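Structure record follows, encoded as structure tokens.
All values derive from a computational prediction rather than experimental measurement. Read the numbers this way: they start at 1 and go in the same order the structure lists the ligands and their atoms. Throughout, numbering of the chain's residues begins at 1 and tracks the sequence.
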Amino acid sequence: MALSGALFRGAVGRGVGAVFLLGNRSMSSWWSNVEPAAKDPILGVTEAFLADQSPDKVNVGVGAYRDDNGKPVVLECVREAERRIAGNQNMEYLPMGGSLKFIEETLKLAYGGNSEFIKDRRIAAVQALSGTGACRLFADFQRRFQPDSQIYIPVPTWSNHHNIWRDAQVPQRTFHYYHPESKGLDFASLIDDVKNAPNGSFFLLHACAHNPTGVDPSEEQWKEISYQFKVKNHFAFFDMAYQGFASGDPEKDAKAIRIFLDDGHLIGCAQSYAKNMGLYGQRIGCLSILCEDELQAVAVKSQLQQIARPMYSNPPVHGALVVSTILGDPELKNLWLQEVKVMADRIIGMRTALRESLEKLGSTLPWEHITNQIGMFCFSGMTPQQVDRLTSEFHIYMTRNGRISMAGVTTGNVGYLANAIHEVTKSG
Ligand code: PLA
């Protein structure tokens, strides 16, 4: 916009909010065209919960683990790692791609402790700003180096997946995943969609503990999916935000990835320590891409770093230190594995408690899916209107798609929650 010096100075002199005439064009403040953004469907729920003054309020919105008193948890292995780190680390910048020690330990969790791909240095991997940052970095990389590609996303999925690939300007397609009537996997339609997608398509897969449905393919089904991907030469990008939360064992939860690796796929993978180490706010995760050989991996990593550099330059140091201290020490790693199991088991216990409470209250609706589904979430089947009633009448906060974060359910609130769910669902 061309402004004369005098006019420009005049505008600045009147400050923000000034209205002045420029020829026949009127201009108000810089951001008068900015409308408030839509509330985030997940984090917006937390905002509403925090603003509610009711002593009865319950937050089963965001997937954040709570202990049985409803309090946030810092794992004992994390506390111990912090004690060891305290006072003896400098705070220099990490390399653009993050901590090498952290990456080494993190890759073992996804690809296996004895992975030949790690030994052969075929994995391009960078420390990322948790799972979200890993997905976003991949989406930007996909856009830059496969500019004509699209991403196939399951229906439903974590709402932010749509934002991530949208902002990276990668066109989105969807594939069938969940079957609302059976509240299970729509495997036949999923396979049809895989077959019907153009050869060489990109697919986003949840490695385990699918969010929001709590429904994962069985091992046999994963094998079939992997086989069909091979036939079609599709690319599998795994988002693994809940490793350990499906079965209680991170090794078992890497099963889908291992099946794809055994079948010779060159996968991509986003890992997050938000949930399984409770490092939510540390923003610590990893993006990895399995390449044909070491040379390709070096090139891919350098390009990932080049995407990161103008965005945030290099990732934060503390979470990487905590994770590598834990995973690099057999004793601490064992403690972590035990603590993951405790978290997963408490959630499983709450599934049983919620289902039994609903049945005891005399609900005639089927609730088996509460205990059949796995991971952090229960995809309850409640309608947006029923969820709205839970919030307005009972101060219970959850996403409008009917997802209950089982990680927020406790012995103390499960009865209240069940009663409220019964009240809003009994009239159909
Ligand atoms: N991928 C999936 C499938 C997720 O559910 C989440 C988090 C992430 C990635 C990203 O987590 P991170 O960036 O913190 O590692 N989903 C939460 C929180 C737990 C959120 O929406 O940000 C959820 O409530 O769905």
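Under a 4.0 Å criterion applied to the non-hydrogen atoms of G131, ligand 1 contributes the atoms 12 (P), 13 (O), 15 (O). In the vicinity of A241, heavy-atom distances shorter than 4.0 Å reach the ligand 1 atoms 1 (N), 2 (C), 4 (C), 9 (C). Residue A274 approaches ligand 1 through these ligand atoms, each under 4.0 Å from one of its heavy atoms: 14 (O), 15 (O).
Of the candidates T399, V62, T132, L129, T132 brings a heavy atom nearest to atom 13 (O) of ligand 1.
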Could you go step by step and tell me if L327 and M277 meet the side-chain contact (heavy atoms from CB on, under 4.5 Å) rule?
-> CA-CA 11 Å; L327 298 181; M277 267 191 204; 3.8 Å; yes
Please walk me through it: do F235 and F203 pass side-chain contact (heavy atoms from CB on, under 4.5 Å)?
-> CA-CA 6 Å; F235 184 93; F203 275 73; over 6 Å; no
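The existence of a salt bridge linking R121 and D293 is excluded, since no basic side-chain nitrogen approaches an acidic carboxylate oxygen closer than 4.0 Å.
At the shortest separation from atom 12 (P) of ligand 1 among protein heavy atoms lies S130 OG, 3.3 Å. Among all protein heavy atoms, the one lying closest to atom 3 (C) of ligand 1 is D239 OD2, 3.4 Å. Looking only at protein heavy atoms, the nearest one to atom 20 (C) of ligand 1 is W158 NE1, 3.5 Å.
Geometric assessment of R173 against the ring of Y152 yields a negative cation-pi assignment under the 6.0 Å and 45° thresholds.
On a distance-only criterion, G63 and ligand 1 share at least one N/O pair closer than 3.5 Å. Residue Y242 has at least one nitrogen or oxygen atom sitting less than 3.5 Å from a nitrogen or oxygen atom of ligand 1, judged on distance alone. On a distance-only criterion, R283 and ligand 1 share at least one N/O pair closer than 3.5 Å. Checked against a 3.5 angstrom limit, the closest N/O atoms of G133 and ligand 1 fall outside it.
Here the closest heavy-atom approach between residue L332 and residue C77 is recorded as O-CB, 3.9 Å.
With a heavy-atom cut-off of 4.0 Å, R403 touches ligand 1 through its side chain alone. When heavy-atom distances to ligand 1 are checked against a 4.0 Å cut-off, K275 comes that close only through its side chain, counted from C-beta outward.
Heavy atoms from other residues, nucleotides or ligands lying under 6.0 Å from CD of Q385 number more than 12. Remark: Y227 OH is loosely packed, at most 12 non-hydrogen atoms of other residues, nucleotides or ligands lying under 6.0 Å away. Environment of CZ in F145: crowded, with over 12 heavy atoms of neighbouring residues, nucleotides or ligands closer than 6.0 Å.
Under the 6.0 Å cut-off for aromatic ring centres, Y177 and H210 qualify, their centroids lying closer than that.
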